[in-house]
Amino acid sequence: MIKSQLQQWVESCFDKGVAQGLWSSAAANSYVLEEPKHEGQGDYACNAAMIIAGREKKATGKKVNPRKVAEQFVELLRLNTDLLAKVEIAGPGFINFFMHPSVWAQVLAVVDTEDNTFGFAAKKYGQRVLVEFVSANPTGPLSIGHGRQAVLGDSIARLLEAVGYDVEREYYYNDAGRQMRVLGASTQARYLELLGEESQFPEDGYQGDYIRDIAQSIIDDQGDGMQDVTDVLLFKKVAEKAIFKDIDGTLTRMGIKFDHYYNEHTLYDDGHIDEVVSILRDKGLVYEKDDATWFKTSEFGQEKDRVIIKSSGEPTYRLPDICYHREKFKRGYDWMVDIFGADHIATVPDVMAGLTALGYDASKVTVVLHQFVTLMRDGKQVKMSTRKATFVTIDELIDEVGLDAVRFFFLMRKADSQLEFDLEVAKEEGKENPVFYVQYGHARVRTIFTKAVEKGVEPGDFSEADFSLLTLPEELKIMKAIGAFPALVQGAAADLAPHRIVFYLRDLAGQFHHFYNEYRVLDPDQVALSRARLWLMICLSKVLRNGLGLIGVSAPESM
RNA sequence: GCGCCAAUAGCUCAGCUGGAUAGAGCAACGGCCUUCUAAGCCGUAGGUCGCAGGUUCGAAUCCUGCUUGGCGCACCA
């Protein structure tokens, strides 16, 4: 906001320097404007002089003194006295900008006008992005790992919406195949078991109690009428329906709504699978060996070729995966984002190779891989195993710590990092718990407004507030932080990194708590100052609310 | 054996395209409530950024090798 104004000014001065023959345009767009870490280094700092010196040296072979370049640059930069109070040269040639204190309040007007869209960009014209996530096959309730993925995917989708994309959320699943047959057999075994009949539980069957519940529901509905059914498919169907209902309930509870559920089956029914194979065959990228069909992935930088159709005639997971992504392309998305768990990494190169082979631009697909989650209870890791069904479901997790904590905690780490979820901390009602800290911040601001009414110090019209009264470093810092929000959202969206929103919110809430403790917003003896501060607080609360919205966490009015 | 990810304070982690003396939060220690929620704030202490080289004005960040942990490496998904 303020920064982009400065950015423009710096660029125009850079161009002036080029026009005056002070330096060439070689360094254009390669220098950066950043926020220095230390006090005394200004509000922003620019490394242009060093970059220019470097480029000039490369071009001419002559040594160029960065500080000298900085001096020339600063001569030009100084002229904007509306924006800048002071420009200094420091260190090896950094240019430090000290903004005119009055500039910061500009952002408040923007927040006031844009309100619940502050920080978000206008719709991009026709830019469609598809975010695929969760995509769990209906073999059991959503577990912790799916939870991280669900929250990550949904928040990424929210971020992309915030920067103007038309976003669609998609869930891809497969209700055929071996896993599902095992599910059917497991259900059947439990059914017979509950009826007191002899049964053989599959060796690799699903041992979770939910299978027993499903079996019981079959008994409730149809009694023992299915005893002689030999087709596990019937059991599979019932189990699948029940489990999907459960998954759907969990997702709804998490505030996540998918636009599409894409069933792998479609790919077979519509003949896309055969189509892809024949296209690849025509291109000479497919061959037969040992009764199986192989895809020449080695031609796309991989170690070896991979089987796409088993000798049994059944495709391996790669083929439908490639095919599915081809369908995404055909549906015309500008960008496709896949959220996968780290265990699915092996499919990524295969899909990319497949798409490239089919003539699509694979760079339009971005895969976000997230590492696993470890649950910690009393400082010890909670051991989980899917097969033994000792896993913790998302529903159980939400029951224990609440949805807001679940969402917030899953976003506290970047996707690349393993995530340690501390159940004790998540339940804490105090500043040790980051969700609580941020939400309490929001609630605390809001209560000032109700108090304001009681004390007869109301904010009045925004246009009548005198923000020149806000001169405290803390006040300016809050305005600066508010002003940085839109760029933060842009960056977090571009890098698919919702955890940055979390860090920002913790920081902003921290600034608020500090201010709240140090100064009083409401002072009947200083009405004008109180009004300005009230408006500052109103804007702050809106940014907290908008930020929490991006990660799907509620912003309570009181706690 | 090969590939991907990670390695930063006692613990959990930030650090965006390399930037100036390394950042939070917890935990530890010491303070702050007659005033808008102390569900909070302030202060102190804490670091060879896994190890070794290299690239350059400048490296936690980029390159190479190594060590440790996680996940993969199927005619499972």
Side-chain angles (χ1 to χ4, degrees), chain A residues 30 32 34 36-38 41 45 47 50-51 53-54 57 63 65-66 90-94 96 135-137 139 174 177-179 204 264 289-294 302-304 306-318 320-321 341-349 369-372 374 376 379 412-420 422 425 428-434 436-437 439-441 443-445 447-452 454-455 457 487-488 491-492 494-495 497 499-500 502-503 506-507 510 512-523 530 533-534 537 558-559:
Chain A
S30 43
V32 291
E34 57 193 355
K37 287 179 205 144
H38 302 280
Q41 295 176 341
N47 63 352
M50 275 117 64
I51 303 288
K57 185 185 163 195
K63 259 194 188 170
N65 183 348
F94 285 101
N96 293 338
S135 295
N137 288 340
T139 58
N174 177 18
R178 205 188 64 89
Q179 277 186 27
D204 52 355
E264 185 180 320
K289 195 180 88 183
D290 305 331
D291 293 329
T293 306
W294 297 69
Q302 287 192 51
E303 231 181 309
K304 51 183 177 180
R306 302 286 181 184
V307 169
I308 51 171
I309 300 175
K310 301 184 238 174
S311 50
S312 66
E314 239 182 334
T316 62
Y317 65 92
R318 294 183 190 92
D321 275 6
D343 54 340
H344 279 62
I345 186 155
T347 84
V348 178
L369 284 169
H370 69 269
Q371 298 295 318
F372 290 160
T374 2
M376 301 294 282
M412 282 204 302
R413 308 289 174 244
K414 61 181 175 202
D416 276 345
S417 294
Q418 287 174 45
L419 189 151
E420 199 165 287
D422 192 320
V425 174
E428 205 88 48
E429 298 197 347
K431 65 180 169 137
E432 313 75 39
N433 182 348
F436 217 88
Y437 185 75
Q439 289 187 315
Y440 177 53
R444 223 178 180 191
V445 189
T447 52
I448 299 176
F449 308 140
T450 53
K451 266 291 188 290
E454 288 170 24
K455 291 200 172 192
V457 188
L488 175 91
D495 294 344
H499 75 278
R500 286 195 213 154
V502 170
F503 280 85
R506 293 175 72 172
D507 178 70
F512 163 72
H513 286 306
H514 168 75
F515 182 78
Y516 183 91
N517 241 267
E518 202 74 19
Y519 308 98
R520 300 197 63 72
V521 175
L522 304 173
D523 182 353
S530 297
R533 282 185 175 166
L534 268 171
M537 290 300 118
S558 65
M559 298 176 77

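A note on names: the letters A, B, ... follow the listed sequences, proteins ahead of strands, and every chain is numbered from 1. Since the model is a prediction, treat every value here as computed from it, not as a measurement.
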(message) List the residues meeting ring-ring contact (aromatic ring centres under 6.0 Å, His included) with A:H513, not counting sequence neighbours, and say none if there are none.
(response) A:Y437, A:Y440
(message) To the closest 0.5 Å, what do you measure between CZ (A:F94) and CD (A:E34)?
(response) 6.5 Å
(message) When the P atoms of B:rC73 and B:rC26 are compared, how many Å lie between them, rounded to an integer?
(response) 41 Å
Close N/O contacts between protein and nucleotides 45-47 of chain B (under 3.5 Å):
none

(message) Base contacts versus sugar-phosphate-only contacts with protein, heavy atoms under 4.0 Å: please encode nucleotides 67-77 of chain B as B, S and - from 5' to 3'.
(response) --BSSS-SBSB
(message) Closer than 3.5 angstrom, by distance alone: can the side chain of A:N137 be matched with the main-chain N or O of A:N174 as a donor-acceptor pair?
(response) yes
(request) Determine the Euclidean distance between corresponding P atoms of B:rC5 and B:rU44; express it in Å to zero decimal places. (result) 39 Å
(message) As an exercise, state the distance from CD of A:E420 to CZ of A:R413, rounded to the nearest 0.5 Å.
(response) 8.5 Å
(message) With rounding to the closest Å, how many angstrom separate the C1' atoms on B:rU61 and B:rG25?
(response) 23 Å
(request) For nucleotides B:rG65 and B:rA74, find the distance between their P atoms and express it as a whole number of Å. (result) 24 Å
(request) Calculate, to the nearest 0.5 Å, the distance between atoms CG and CD belonging to A:L419 and A:Q371 respectively. (result) 10.5 Å
(message) Between A:N433 (side chain only) and A:E428 (backbone N and O only), is there a donor and an acceptor less than 3.5 Å apart?
(response) yes
(request) Could you pull out all residues at least two apart from A:Y516 that satisfy ring-ring contact (aromatic ring centres under 6.0 Å, His included)? (result) A:F512
(request) Evaluate side chain to side chain contact (heavy atoms under 4.5 Å, CB included) for A:D321 paired with A:H344, printing each intermediate quantity in order. (result) CA-CA 12 Å; A:D321 275 6; A:H344 279 62; over 6 Å; no
(request) List in chain and number order the residues that pass ring-ring contact (aromatic ring centres under 6.0 Å, His included) with A:F436, two or more places apart in sequence or in another chain; answer none if no residue qualifies. (result) none
(request) Using the C1' atom as the reference point in each nucleotide, state the distance between B:rA45 and B:rC4 in Å, no decimals. (result) 39 Å
(request) Can you tell me, in whole Å, how much space there is between the P of B:rG50 and that of B:rG15? (result) 15 Å
(request) Determine the interatomic distance between C1' on B:rA20 and the same-named atom on B:rG58; round to the nearest Å. (result) 9 Å
(message) Base contacts versus sugar-phosphate-only contacts with protein, heavy atoms under 4.0 Å: please encode nucleotides 15-20 of chain B as B, S and - from 5' to 3'.
(response) SSB-BB
(request) Look only at the side chain of A:N96 and the backbone of A:A45, and say whether a donor-acceptor pair between them is shorter than 3.5 Å. (result) no
(message) Checking A:E454 now: which residues fulfil salt bridge (charged side-chain N to carboxylate O under 4.0 Å, His left out) with it, not counting sequence neighbours?
(response) A:K451
(message) My validator wants the stems of RNA chain B: runs of 3 or more consecutive Watson-Crick or G-U pairs, both distances under 3.5 Å, written as range with range.
(response) B:1-7 with B:67-73, B:10-13 with B:23-26, B:28-32 with B:40-44, B:50-54 with B:62-66
(message) Looking at A:V307, is its backbone amide N or carbonyl O close enough to the side chain of A:R318 to form a donor-acceptor pair, meaning the two atoms are under 3.5 Å apart?
(response) yes
(message) Taking salt bridge (charged side-chain N to carboxylate O under 4.0 Å, His left out) as the definition, give me every residue that meets it alongside A:R520, ordered by chain and number, with sequence neighbours left out.
(response) none
(request) Could you run through nucleotides 34-39 of chain B and give me one letter per nucleotide, 5' to 3': B if any protein heavy atom sits under 4.0 Å from the base, S if only the sugar-phosphate is that close, - if neither? (result) -BBBSB
(message) I'd like to check the salt bridge (charged side-chain N to carboxylate O under 4.0 Å, His left out) partners of A:K57; sequence neighbours left out, ordered by chain and number.
(response) none
(request) Could you tell me which residues satisfy ring-ring contact (aromatic ring centres under 6.0 Å, His included) with A:Y519, sequence neighbours excluded, listed by chain and number? (result) A:F515
(message) Expressed as a whole number of angstroms, how long is the span from A:D422:CG to B:rU12:P?
(response) 11 Å
(request) Could you tell me the separation between the CZ atom of A:R413 and the P atom of B:rC26, rounded to a whole number of Å? (result) 13 Å
(message) Is the shortest side-chain heavy-atom distance between A:P92 and A:N47 below 4.5 Å?
(response) no
(message) Rounding to an integer number of Å, can you tell me how far A:H514 NE2 sits from B:rA24 C1'?
(response) 16 Å
(message) Determine whether a donor-acceptor pair (N or O, by modelled atom type, separation under 3.5 Å) exists between the side chain of A:S530 and the backbone of A:D523.
(response) yes
(request) For B:rA27 versus B:rG46, give the span between their C1' atoms, rounded off to a whole number of Å. (result) 12 Å
(request) Check the chi torsion on B:rC33 and let me know: syn if it falls within 90° of 0, anti if not. (result) syn
(request) Assign each of A:M412 and A:Y437 to its nearest nucleotide of RNA chain B by heavy atoms, then name whichever residue's nucleotide is nearer the 5' end. (result) A:M412
